[in-house]
Amino acid sequence: MPGFELFGDQERKEVNDVLDNGVLMRYGFDGMRNGHWKAKSLEAELEKTFHSKYVQLVSSGTAAVSVALASAGVGAGDEVIMPTFTFVASFEAILMLGAVPILVDIDDTLTLDPKAVEAAITQRTKAVMIVQMCGSMGDLDALQAICTKHDLLFVEDACQAIGGSYQGKPLGSIGDLGCFSFDFVKTITCGEGGAVITNNKDYYLNADHYSDHGHDHEGNDRGAETHPFLGYNFRISELNAAVGLAQVKRLPEFIALQKKHYTILRDALSKIPEVTFRTVPIGGIESYSFLNFFLPNLDVSTRVSEAFKKNGIDVCWNYYNNNWHYVKKWHHLKESKSLYPLSSEIKDALSSLKTKDFSQSDHYIGRNISCLIKLSWTEAQVHERASKMVKAIKMSL
């Protein structure tokens, strides 16, 4: 998945531009820049990549989720529906705003189950956030219809799915707001960085101001700018943006490599009757950053995971007992282990997670194995890997 596997002259050139002019901050210092505005240039490239009117760069994917929600007015006491399978950043970003994360089951897409979303809506629900985990998507039509019916914000966390699409539209561009991460292990990397994308000008202006201490960014004198509302610091640096600027131009190259390696592995595993693959909605195209497949039950997937490790097949996970990505081990969330006091609404919602039934999610996560697709493999290495995977699975059945 990571673009860092293929750093080259393009990245070095963009970084050297910044080091040569000495301006690491994305705002101000106009006279020193020699015409180099890496963050602005990256935002322009991302607008083209995502077919989106507006892009606001921020410091991380986690910041992107918080900024996206805040820009649309999500805050204290508002409920945000999210999936049981994601990264801990999803609920962290919601909690940071004083909002309440409401976790619901996934389906065989490994993302939000629309029926579970509909059942979880209350008078306090403000947003539904799908997380496009491991390079693919959920039933976006059904989820968008639910949000329209109930007048809810639809947010796409596409941090792991850059390069994927649905009915010709890039993932992240379909909801009211889209969120991306460009950290060290994403398909394109800034080292650390993220982006909020939207076609709503008001949301964009809010994100632009909110992510830089509330600055309105009008005129060329930063010291004279006004502050229409409170903000925080979620700025990206020019150095980070410089790396991302080179990487986004290479995205087609990275996606093509991922697809090639993914296809070899999937074709090999598809010959095993007991292996099935995650559902990708009709009209959807994965980013090919992960190959996700299901085995008959948790016991088999556990044996296969161990066999993979013993046979040198790396970067494959069963997330059932994973500390970072699945609700089962999020004890710090369920027990409200916070450095600062949480509201009673948040504490009550989190406490309910201790007894909530997520057996449907267990059914899919327990049987799933998710294998990252590396860019740096040779074709021969991928074929060798495929043979080892097939052998390990057959021996574990």
Side-chain angles (χ1 to χ4, degrees), residues 59-70 74-107 110-113 115-134 152-153 155 157 159-160 179 181 183 185 194 232 234 298 301-302 305 317-368 370:
S59 54
S60 69
T62 313
V65 175
S66 286
V67 171
L69 293 172
V74 176
D78 292 331
E79 294 178 350
V80 179
I81 294 173
M82 58 165 279
T84 53
F85 176 46
T86 177
F87 179 54
V88 294
S90 297
F91 59 74
E92 291 169 351
I94 294 167
L95 289 169
M96 198 204 79
L97 300 174
V100 184
I102 303 296
L103 277 64
V104 304
D105 273 319
I106 60 169
D107 58 21
L110 296 178
T111 63
L112 285 175
D113 177 1
K115 292 179 181 177
V117 169
E118 184 98 51
I121 293 171
T122 72
Q123 290 183 337
R124 291 185 174 181
T125 306
K126 190 72 175 283
V128 172
M129 183 171 73
I130 186 171
V131 184
Q132 321 275 30
M133 284 293 286
C134 302
L152 301 174
L153 190 70
V155 179
D157 176 341
C159 290
Q160 286 195 359
C179 306
S181 171
D183 72 20
V185 290
Y232 295 90
F234 295 113
L298 176 61
S301 63
T302 300
S305 292
W317 298 276
N318 172 264
Y319 290 109
Y320 188 73
N321 286 303
N322 184 280
N323 289 331
W324 286 9
H325 291 283
Y326 188 54
V327 64
K328 188 169 183 285
K329 288 293 187 78
W330 291 340
H331 302 305
H332 63 310
L333 179 69
K334 299 173 190 178
E335 296 166 13
S336 301
K337 291 186 175 179
S338 171
L339 292 177
Y340 51 87
L342 299 173
S343 70
S344 58
E345 294 98 333
I346 289 175
K347 292 173 78 171
D348 289 346
L350 300 188
S351 180
S352 70
L353 294 175
K354 297 176 185 178
T355 55
K356 193 169 182 182
D357 178 16
F358 290 121
S359 53
Q360 177 175 307
S361 296
D362 288 344
H363 171 72
Y364 291 113
I365 290 297
R367 297 166 48 235
N368 173 250
S370 182

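Note that the numbering runs from 1 along the sequence shown for the chain.
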Subject >> Trace of the side-chain contact (heavy atoms from CB on, under 4.5 Å) decision for Lys354 with Lys356 >> reply: CA-CA 6 Å; Lys354 297 176 185 178; Lys356 193 169 182 182; over 6 Å; no
**OP:** For Val80 and Ala99, work out which heavy atoms get closest and say how close.
**Re:** CG2-CB, 4.4 Å
**OP:** Specify the closest pair of heavy atoms between Gly61 and Ser181, including all atoms of both residues, with the distance to one decimal.
**Re:** CA-CB, 3.7 Å
Subject >> Full working for side-chain contact (heavy atoms from CB on, under 4.5 Å) between Leu298 and Asn318 >> reply: CA-CA 9 Å; Leu298 176 61; Asn318 172 264; 4.1 Å; yes
Original post:
Going by the ring-ring contact (aromatic ring centres under 6.0 Å, His included) test, which pairs reach into residues 80-106, not counting sequence neighbours?
Top reply: Phe85-Tyr319, Phe87-Trp324, Phe87-His325, Phe91-Trp330, Phe91-His332
Original post:
Are any side-chain N or O atoms of Ser301 and backbone N or O atoms of Gly366, one a donor and one an acceptor, separated by less than 3.5 Å?
Top reply: yes
Original post:
CD1/Ile130 to OG1/Thr111 distance, rounded to the nearest 0.5 angstrom?
Top reply: 4.0 Å
**OP:** Look up atom CG in Leu97 and atom OG in Ser66, then write down how far apart they are to the nearest 0.5 Å.
**Re:** 4.5 Å
Subject >> Least distance between heavy atoms, Leu95 atom then Tyr340 atom >> reply: O-OH, 4.4 Å
Original post:
So which pairs with a foot in residues 87-97 pass side-chain hydrogen bond (donor to acceptor under 3.5 Å, both in side chains), sequence neighbours left out?
Top reply: Thr86-Ser90
Subject >> Pairwise distance OG(Ser352) to CD1(Ile102) - rounded to 0.5 angstrom >> reply: 7.0 Å
**OP:** Quick one: list whatever passes side-chain contact (heavy atoms from CB on, under 4.5 Å) with Thr84, sequence neighbours left out.
**Re:** Leu103, Ile106, Tyr326, Val327, Phe358, Ser361
**OP:** I would like to know whether Asp107 and Asp105 meet side-chain contact (heavy atoms from CB on, under 4.5 Å); could you show each step before the answer?
**Re:** CA-CA 7 Å; Asp107 58 21; Asp105 273 319; over 6 Å; no
**OP:** May I ask you to test the Ile94-Met129 pair for a side-chain heavy-atom distance under 4.5 Å?
**Re:** yes
Subject >> Point-to-point distance, once rounded to the nearest 0.5 Å, from CG of Leu69 to SG of Cys179 >> reply: 6.5 Å
Original post:
Does a side-chain heavy-atom distance below 4.5 Å link Asp183 with Ser60?
Top reply: no
**OP:** Kindly indicate whether the side chain of Ile365, heavy atoms from C-beta on, has any atom under 4.5 Å from the side chain of Asn322.
**Re:** no
Original post:
Side chains of Asn321 and Lys328: does their closest heavy-atom pair fall under 4.5 Å?
Top reply: yes
Original post:
Passes side-chain contact (heavy atoms from CB on, under 4.5 Å), Glu79 versus Thr122? Steps please.
Top reply: CA-CA 8 Å; Glu79 294 178 350; Thr122 72; 2.6 Å; yes
Subject >> Separation of Leu110 CG from Ser370 OG (nearest 0.5 Å) >> reply: 7.5 Å
Original post:
How far does CD of Glu118 sit from NZ of Lys115, to the nearest 0.5 angstrom?
Top reply: 11.0 Å
Return a table of donor-acceptor pairs under 3.5 angstrom between the side chains of residues 344-351 and protein atoms on other chains or two or more places apart.
residue, atom, partner, partner atom, Å
Glu345, OE1, Ser343, OG, 3.3

Subject >> Sub-4.5 Å side-chain heavy-atom contact between Asp113 and Gln360 >> reply: yes
**OP:** Under the salt bridge (Lys or Arg N to Asp or Glu O under 4.0 Å) rule, collect the residues that match up with Glu335, sequence neighbours excluded.
**Re:** Lys337
Original post:
Can you name the side-chain hydrogen bond (donor to acceptor under 3.5 Å, both in side chains) partners of Thr355, sequence neighbours left out?
Top reply: none
Subject >> Closest approach of Thr62 to Ala89 (non-hydrogen atoms, all atoms of both residues) >> reply: OG1-CB, 3.3 Å
